[in-house]
Amino acid sequence: MEEQEVRELFFERLEHLSAEAEYELRHPDYVMEMPQSGERIRGREAMRAFQEAYPNPPTIQPRRVVGSGDVWVVEARSDYGGQVFDVAMIVEFRDGKIWRDTRYYAEPFEAPAWRAQWVERMEEPGGPAS
């Protein structure tokens, strides 16, 4: 995938796509893994059904996309109805479609005061993405 295509997908299109539109972007052999919860969704049909059944889908705000060729990393913030997570997604493409998607979620936390003299504050935990 070309960098401009990947950036457009994650920064302009993804947060506005329906489950059906996302389905079209996925490879038939699509696999999504969430190692922290030990879950795997295999197949784009299963992912579409999962999305359609999700009671209150989270919002996602991409912060950064880096990579090249068929492997890209997306850094984002996801809001699950007030519970905010920082997300790192490793996205692999095959035949121009999303083939594998591995997602890692982290809850923001308050930094300890003892290290304030060495760090620069980026944002408040759970605040808007920078």
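Everything numeric here is computed off the predicted structure, so don't read it as measured data.
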Calculate, to the nearest 0.5 Å, the distance between atoms CD1 and CD belonging to I98 and E22 respectively. 7.5 Å
Under a 4.5 Å side-chain heavy-atom rule over Ile, Leu, Val, Met, Phe, Trp and Tyr, are V91 and Y104 clustered together? no
Using atom types as modelled and distance alone, determine if a side-chain donor or acceptor of S78 lies under 3.5 Å from a backbone N or O of F85. no
Salt bridge check, D79 against R77: does any charged N sit closer than 4.0 Å to a carboxylate O? no
We want to know whether Y105 and D86 form a side-chain donor-acceptor pair, criterion being a heavy-atom distance below 3.5 angstrom. no
Let's go through E107 and Q83 carefully: what are the C-alpha distance in whole Å and the side-chain angles of both, what is the deciding distance for side-chain contact (heavy atoms from CB on, under 4.5 Å) to 0.1 Å, and is it a yes or a no? CA-CA 8 Å; E107 277 189 276; Q83 187 176 15; 3.6 Å; yes
Evaluation steps, side-chain contact (heavy atoms from CB on, under 4.5 Å), between V74 and R64: CA-CA 6 Å; V74 179; R64 193 172 152 209; over 6 Å; no
Any donor-acceptor pair under 3.5 Å linking the side-chain atoms of E45 with those of Y23? yes
F50 and Y80: same hydrophobic cluster, using ILVMFWY side-chain contacts below 4.5 Å? yes
Rounded at 0.5 Å granularity, tell me how far CE in M32 sits from CE in M89. 9.0 Å
Does one hydrophobic cluster hold both I90 and Y30, with members joined at side-chain heavy-atom distances below 4.5 Å? no
Which distance, rounded to the nearest 0.5 Å, do you find between the CZ of F93 and the CG of D101? 9.0 Å
Do K97 and L25 touch side chain to side chain, with heavy atoms closer than 4.5 Å? no
Do Y54 and M34 share a hydrophobic cluster (ILVMFWY, side-chain heavy atoms under 4.5 Å, transitive)? yes
Is R44 salt-bridged to E24, going by a charged N under 4.0 Å from an acidic O? no
Can you tell me how far CD1 of I41 sits from CE of M47, rounded to the nearest 0.5 angstrom? 5.0 Å
Hydrophobic cluster identity match, V65 and V71, side-chain contacts under 4.5 Å: no
Ignoring hydrogens and geometry, is there a side-chain-to-backbone donor-acceptor pair from W99 to G96 under 3.5 Å? no
Among E39, R103, R100, the one residue meeting side chain to side chain contact (heavy atoms under 4.5 Å, CB included) with E33: R100
